Number of protein chains: 2
Amino acid sequence: MQDTMAVPLDAETKVAERPGDHQAELRLWLRLLTCTNLIETEIRRRLREEFNVTLPRFDLMAQLDKNPSGMTLGELSSRMMVSNGNVTGLVERLLAQGLLDRRPSPNDRRAQLVSLSSDGRRAFRSMARTHENWVAEIFAELGPGEIDDMMRLLAKAKTSTAKAVANRDAAQ
Amino acid sequence: MQDTMAVPLDAETKVAERPGDHQAELRLWLRLLTCTNLIETEIRRRLREEFNVTLPRFDLMAQLDKNPSGMTLGELSSRMMVSNGNVTGLVERLLAQGLLDRRPSPNDRRAQLVSLSSDGRRAFRSMARTHENWVAEIFAELGPGEIDDMMRLLAKAKTSTAKAVANRDAAQ
DNA sequence: TCGAGATATTTTAAGCTTAAAGTATTTTGC
DNA sequence: GCAAAATACTTTAAGCTTAAAATATCTCGA
């Protein structure tokens with residue numbers, strides 16, 4: 001029978017061949033999204049309540065902490081996977097708070113380099129230590145083996161998604 | 001030695017006792033967030049490009065499709081896990097598009113019932129079928145066993161998070 | 001029944017986010 | 001060199017999101 005033949009189909013073909021019957025994947029996506037949102041909401045709430053900071057600002061500061069020599073807005077944009085215009089606004093607000101320093105790029109008059117100010121670095125280091133403990137608390141019930149399993153499964157989901165994105169891009 | 005004693009500590013205590021050394025959890029959270037955002041961005045893009053609809057509007061319509069007799073804004077708000085004010089705006093925009101019907105609640109003059117209009121239902125059914133195939137394509141490289149594993153791990157992460165949230169709430 | 005508290009919703013102010021268009025500068029190919 | 005293309009960034013308009021305050025209505029107990 002057609003249905004039981006071991007024809008090697010690529011993932012895209014498999015999906016196209018069997019419309020309907022994707023409940024398992026749909027439930028997985030729903031659960032993945034719900035779970036991630038649950039954690040993200042809690043972390044946003046704690047950052048706001050304990051440090052009066054937003055998650056995007058925290059993330060931007062984390063990038064700068066890893067790059068002490070400074071980054072351009074374009075580098076921040078691609079590392080954070082957000083638009084250029086988004087970074088423009090975030091940097092403005094962090095500069096206004098005195099958490100960032102800004103200087104012109106020595107090579108390129110279009111670009112500017114931003115880095116953590118000493119206040120910014122001090123604030124970030126303190127937040128990061130606490131943040132790490134929050135995350136550990138949130139995942140406390142997962143054992144080391146389960147963490148490894150999840151890392152592996154997420155890596156696979158990521159490459160699977162990348163292929164779907166590539167398929168879509170190829171089809172215009 | 002203290003470090004090797006098999007003292008039964010609950011998750012919260014374990015975290016508090018060993019500040020630092022939570023790299024594995026931190027990397028897991030980063031990967032979970034990145035992977036979910038990758039998928040979410042792709043789905044948002046396809047919804048916009050193929051159907052000119054946003055993810056929040058699609059989600060709201062999905063709730064109404066599951067509840068054909070209509071829902072109050074408050075029910076929508078709690079099912080979607082977003083604020084009341086958020087739902088007010090989404091419903092306004094969907095009404096303006098002619099995708100929703102609205103009527104006063106028969107019991108409660110404060111509340112209103114919204115449901116999909118016939119246009120809305122037709123549009124949603126069409127989008128939902130395609131959306132299901134997108135999700136299947138995105139997770140195509142995961143086998144049934146891997147989907148089950150991930151479902152189980154996410155469920156565990158969810159209960160673990162719920163406990164962390166409860167801990168935090170208990171501490172004010 | 002009356003008033004206090006609860007509930008359903010809206011409004012407001014602030015911030016995040018994007019796509020698209022615009023500006024300034026640099027790079028590239030001839 | 002110089003024009004065209006690429007790049008770095010900003011601006012704009014639109015939408016999403018929240019917390020907090022405000023409004024309207026309902027419920028419940030004395």
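In this text the structure is predicted, and so the values were computed from the model without any measurement. Letters go in sequence order (proteins before strands), and every chain restarts at 1. Values below: every heavy atom of this structure, side chains too, minus hydrogens, waters and symmetry copies.
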Tell me the interatomic distance from [X], atom [atom1], to [N], atom [atom2], rounded to whole angstroms.
| X | N | atom1 | atom2 | value |
| --- | --- | --- | --- | --- |
| Q112(B) | dT9(C) | CD | P | 6 Å |
| M81(B) | dT18(D) | CE | P | 11 Å |
| L73(A) | dA24(C) | CG | P | 17 Å |
| R102(A) | dC9(D) | CZ | P | 11 Å |
| L90(A) | dT18(C) | CG | P | 10 Å |
| R44(A) | dA19(D) | CZ | C1' | 14 Å |
| L55(B) | dT17(C) | CG | P | 15 Å |
| N37(B) | dT18(C) | CG | P | 10 Å |

- Consider the side chain of E92(A), meaning its heavy atoms from C-beta on, and name the nucleotide among dT11(D), dT11(C), dC16(C) that approaches it most closely.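 The answer is dT11(D).
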
Scan [X] against the nucleic acid and name what it touches under 4.0 Å (heavy atoms): base, sugar-phosphate only, or nothing.
| X | result |
| --- | --- |
| N86(A) | base |
| T54(B) | sugar-phosphate |
| V87(B) | nothing |
| R48(A) | sugar-phosphate |
| G74(A) | sugar-phosphate |
| R57(B) | sugar-phosphate |

- Query: Quick check: does any side chain N or O of T36(A) sit under 3.5 Å from a backbone N or O of L33(A), one acting as donor and the other as acceptor?
  - Reply: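 No: the side chain of T36(A) does not pair with the backbone of L33(A).
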
- Task: Could you give me the CA-CA distance, side-chain angles and deciding distance for W29(A) and E40(B), then say whether side-chain contact (heavy atoms from CB on, under 4.5 Å) is met?
- Result: CA-CA 9 Å; W29(A) 168 230; E40(B) 192 175 341; 4.0 Å; yes

- Item | Contact under 4.0 Å: T72(A) side-chain N or O vs dA8(D) OP1/OP2 |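 For T72(A), the contact criterion (side-chain N or O under 4.0 Å from OP1 or OP2 of dA8(D)) is not met.
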
- Establish, with yes or no, whether the OP1 or OP2 oxygen of dC9(D) is under 4.0 angstrom from a side-chain nitrogen or oxygen of S77(A).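 For S77(A), the contact criterion (side-chain N or O under 4.0 Å from OP1 or OP2 of dC9(D)) is not met.
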
- Message: Just checking F124(A) against F58(A), ring centres under 6.0 Å apart?
- Response: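 Yes, close enough.
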
- Message: Between R31(A) and M150(B), is there a side-chain heavy-atom distance shorter than 4.5 Å?
- Response: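 No, too far: nothing below the 4.5 Å cut-off.
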
- Residue met sooner reading DNA chain C from 5', once P56(A) and R109(A) are mapped to nucleotides: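 It is P56(A) whose nearest nucleotide is closer to the 5' end.
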
- Message: Return whichever of N84(A) or A111(B) has its heavy-atom-nearest nucleotide of DNA chain C closer to the 5' end.
- Response: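 Counting from the 5' end, the first nearest nucleotide belongs to A111(B).
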
- Given side-chain hydrogen bond (donor to acceptor under 3.5 Å, both in side chains), test D101(A) with S117(A) step by step and report yes or no. CA-CA 5 Å; D101(A) 287 335; S117(A) 67; 4.9 Å; no

- Could one point to a donor on the side chain of R110(B) or the base of dT7(C) with an acceptor on the other under 3.5 Å away?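 Flag set: donor-acceptor pair detected.
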
